[in-house]
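FYI, the numbering just counts along the sequence from 1. Heavy atoms only: backbone and side chains are in, while hydrogens, waters and symmetry mates are out.
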Amino acid sequence: MTSTSGARAKLLGTLASVLTALAVVVGSVGLAAPAQAATTHVTLAGHSTAWSDQKTTLTATWKLGSKAHKGKVTLQRKSGKTWKKVATKTTTSKGVAKFSVKPASTTTYRLLTSGKKASKAKKLTVKKAYTLTTTAGSTIMAGTGKTFSLTYHHHGKAASGTALVERHSGSTWVKVTSVKISKGHGKVTLKPTATTTYRFRVSGKVTSASHKVTVKAPSTFSITGSGSGHGVGLSQYGAYEMALEGKSAAQILQYYYPKTEVGTTTNPARRIQVQVFGHGSDTASTTTVRISAGNFQILGDAEDLDPTTVASTTPVTLTVANGKVTARAGAASVTASTIRIQWSGTTFLPSSVPAYATVAGAQGTYRNGELIVTAIDGQPNVVNDVLLNTEYLYGIDEMLSVWGTATRTTDGATHSGLAALEAQAIASRNYALLPALKAPMASCNCHVYDDTRSQNYTGWKKQNGSGGATWVKAVNATTTATTDDVVTYTDPDTHVTSYAETVYSAAPGYPTSSTGGTANNKDAFGTPAIPYLQHVTDPYTKEYPHLPASVAHWTDSISQATAKKVFGLSSVRSIAVTSRYSSGQVETLTATADNGTTKKALTKTSEQWRTTLGLPAAWVTSFTPRK
């Protein structure tokens, strides 16, 4: 057993030695080693950028080692984290295949061989062939506009075309208008009434980004208009123009008060009481009276009270207690239900030393008449008691006195403005006659006020002021010792003749080129229609060459708070004049709320609108929202 095993081992060792030697011999005679596989090269080439409306070519190249290889290659595009097939082609004998692509947006591509060999990824940046850009959306005030500037390019160069302007409505886009674009630029102004989203589109080419325009309620409204005053009856500026054109006072009055007559009436020595200080216009509980020269006297209402005469340098202090007035002048005092103060140079206290009285807080000074003081609502109430036809009219400060000295020469004839002053004097007389024929009003112990509630009366300030002598001359031209010029109206049905109610104002307005003129009394005041206080066109005021800018065209404003209060809306976005009276004055205003849909229309008399909005006149042209 032992010898047999040793022999086998020896035989195996000898065989191994032989094989080793054989291998050495074979290697020494140069036999080739097994062949190695050639390297595969797959590339994808082409432009890195392209326009969205043009195709571009991507070139595939497949090589094995340095030799072109013919085989199938697949173009893939990246979608998220995966690759999707675009097309498969067979390379030519030169190892080339071309792919034509037209991606809508920037895309990354690669090649994949049949052997699953992939090329490097290639990114193709796609630029929009057409671009349409606009200004960004913004916030505007209601009633104003937003201007959009458009920029339009094709392949990066300025282009021309037409863009549709669309607004978003629900789930659709609705055409608003169109805008021409020339050489890359276009412009359009849009005036949305509510918050609106817009876009711009060149059909079949490009659509812009959408832009939201937020419409907000304004903090104020700018108001433009013309005219001054209520506009009923005589126009003072119109009267002046008529005078300079050669019209008489009677012609002026009959133009502005149609169907009336200008004639004379007997001249009774009628007196009129004018409130110059007190309840309704002043809040002071005391005032002081001063006399400019000479002396004065204070009279109480008791029969046994002797007049107190003091030097003019002594001021008179008026106070009220227990329903009576106390007048103190130095050490002297008088307490009574009614106090009368009379001074030098009047019919009540004749003197060669004329004087005038001044009441602290009153707008005028008083050369004529006497002051009558009573107690009303805890205040001294002071009235100037004067002759109506002369003394009162001398102090009416409603028309510039210098108008009476102005002249104009036309066709060889020279005319002055004095007729306008005479017309004013007659109108003012008529205006005062009607209340003077009645008992004084208990609220002021007066027939008329000294301000625009009646007629503006400043007494001696007017009579002695600039051109005062011309005004006095005009007044005197309308009165004699026995007669006064007045305006009357005869009712065609009853044949009753009465004094006309001669209201007047500075100037009517013209909100449009064809609308304007004086107002109907019913439209302005809400009172029953009066035949001679009806609308007349007024070319004289309109054509007057020196109408102040503040009358011809004025600008005012109201706040958002006022607008909300007037219309009863939570917020007011816009206000529009939606109807006018025959005079051109505002009749109805319509306000649109902040939501753009709720509207509130209000109709008022023109004077109600003027006072409610605090305007110079009711000939309103427009309301413009402001920030």
Reported [atom1]-to-[atom2] distance for the pair [X] and [Y], which is rounded to 0.5 angstrom:
| X | Y | atom1 | atom2 | result |
| --- | --- | --- | --- | --- |
| I252 | L421 | CD1 | CG | 9.5 Å |
| Y431 | Q455 | OH | CD | 6.5 Å |
| Y256 | Q236 | OH | CD | 10.5 Å |
| I376 | Q275 | CD1 | CD | 7.0 Å |
| Y366 | T458 | OH | OG1 | 8.0 Å |
| E241 | H546 | CD | NE2 | 8.5 Å |

Can you name the nearest heavy-atom pair linking [X] to [Y], along with the distance?
| X | Y | value |
| --- | --- | --- |
| T590 | A601 | OG1-CB, 3.5 Å |
| T288 | P315 | CG2-CB, 3.7 Å |
| P511 | G516 | CD-CA, 4.4 Å |
| A563 | I558 | CB-CD1, 4.3 Å |
| K461 | G364 | CD-CA, 4.0 Å |
| S228 | A617 | N-CB, 3.8 Å |

Next on the checklist: side chain to side chain donor-acceptor pair (under 3.5 Å) for T624 and S222? Distances and angles first, verdict last.
Outcome noted: CA-CA 5 Å; T624 303; S222 176; 5.4 Å; no
_Run the side chain to side chain contact (heavy atoms under 4.5 Å, CB included) test on S583 and D523 for me, step by step, so that the C-alpha distance in whole Å, both residues' side-chain angles and the decisive distance to 0.1 Å come before the verdict._
CA-CA 9 Å; S583 62; D523 299 339; 5.6 Å; no
Can a donor-acceptor pair be found, under 3.5 Å and without considering hydrogens, that links the side chain of [X] to the backbone of [Y]?
| X | Y | result |
| --- | --- | --- |
| W554 | A549 | no |
| S292 | Y356 | yes |
| W471 | V402 | no |
| H230 | Y504 | yes |
| H535 | T518 | yes |
| E398 | N456 | yes |
| R367 | G345 | yes |
| S401 | T470 | no |
| Q379 | D282 | yes |
| D491 | D493 | yes |

Side chains of [X] and [Y]: closer than 4.5 Å at any heavy-atom pair?
| X | Y | answer |
| --- | --- | --- |
| P492 | Y489 | yes |
| L615 | I223 | yes |
| Y394 | W460 | no |
| L437 | R270 | yes |
| Q534 | N521 | yes |
| S606 | R580 | no |
| Y392 | L387 | no |
| N267 | T480 | no |

Stepwise ring-ring contact (aromatic ring centres under 6.0 Å, His included) test for Y237 and W403 = CA-CA 10 Å; Y237 279 99; W403 282 3; 5.2 Å; yes
We want to know whether [X] and [Y] form a side-chain donor-acceptor pair, criterion being a heavy-atom distance below 3.5 angstrom.
| X | Y | value |
| --- | --- | --- |
| T488 | E261 | no |
| T224 | S622 | yes |
| E501 | N430 | no |

Under 6.0 Å from the [atom1] atom of [X], do we count more than 12 heavy atoms belonging to anything else shown?
| X | atom1 | result |
| --- | --- | --- |
| Y544 | OH | yes |
| H553 | NE2 | no |
| K259 | NZ | no |
| Q560 | CD | yes |
| K564 | NZ | yes |

Quick note, salt bridge (Lys or Arg N to Asp or Glu O under 4.0 Å) partners involving residues 376-396, not counting sequence neighbours, are R271-D385
Practice task
Would you confirm whether the ring centroid of Y240 sits within less than 6.0 angstrom of the ring centroid of Y540?
Solution key: no
Do the side chains of R340 and E370 get close enough for a salt bridge, i.e. N-O under 4.0 angstrom? yes
- prompt: Centre of Y510's six-membered ring, under 6.0 Å away, within 45 degrees of the axis: is that where NZ or CZ of K542 sits?
  reply: yes
| query | Could you walk me through whether N520 and S582 pass the side chain to side chain donor-acceptor pair (under 3.5 Å) check? | reply | CA-CA 8 Å; N520 299 322; S582 59; 3.3 Å; yes
request  = Would you check, one step at a time, whether the test side chain to side chain contact (heavy atoms under 4.5 Å, CB included) holds for V232 with S505?
outcome  = CA-CA 7 Å; V232 181; S505 64; over 6 Å; no
Handout entry: Verdict with supporting geometry, K473 and E422, salt bridge (charged side-chain N to carboxylate O under 4.0 Å, His left out)
Key = CA-CA 9 Å; K473 176 183 177 182; E422 293 172 1; over 6 Å; no
**OP:** Report the C-alpha distance between S235 and T541 in whole Å, list the side-chain angles of each, state the deciding distance to 0.1 Å, and finish with yes or no for side chain to side chain donor-acceptor pair (under 3.5 Å).
**Re:** CA-CA 7 Å; S235 163; T541 299; 2.6 Å; yes
Tested for side chain to side chain contact (heavy atoms under 4.5 Å, CB included) against S428, the lone hit among I396, T478, T502 is I396
Exactly one candidate in L388, V386, N445, N384 meets side chain to side chain contact (heavy atoms under 4.5 Å, CB included) with Q273; the answer is N445
### Task
Apply side chain to side chain contact (heavy atoms under 4.5 Å, CB included) to D484 and T264, showing your working.
CA-CA 5 Å; D484 297 302; T264 59; over 6 Å; no
Sequence neighbours excluded, the answer for side-chain hydrogen bond (donor to acceptor under 3.5 Å, both in side chains) partners of Y257 is none
* Quick one: do V566 and T612 satisfy side chain to side chain contact (heavy atoms under 4.5 Å, CB included)? Show the steps, please. => CA-CA 8 Å; V566 169; T612 296; 3.8 Å; yes
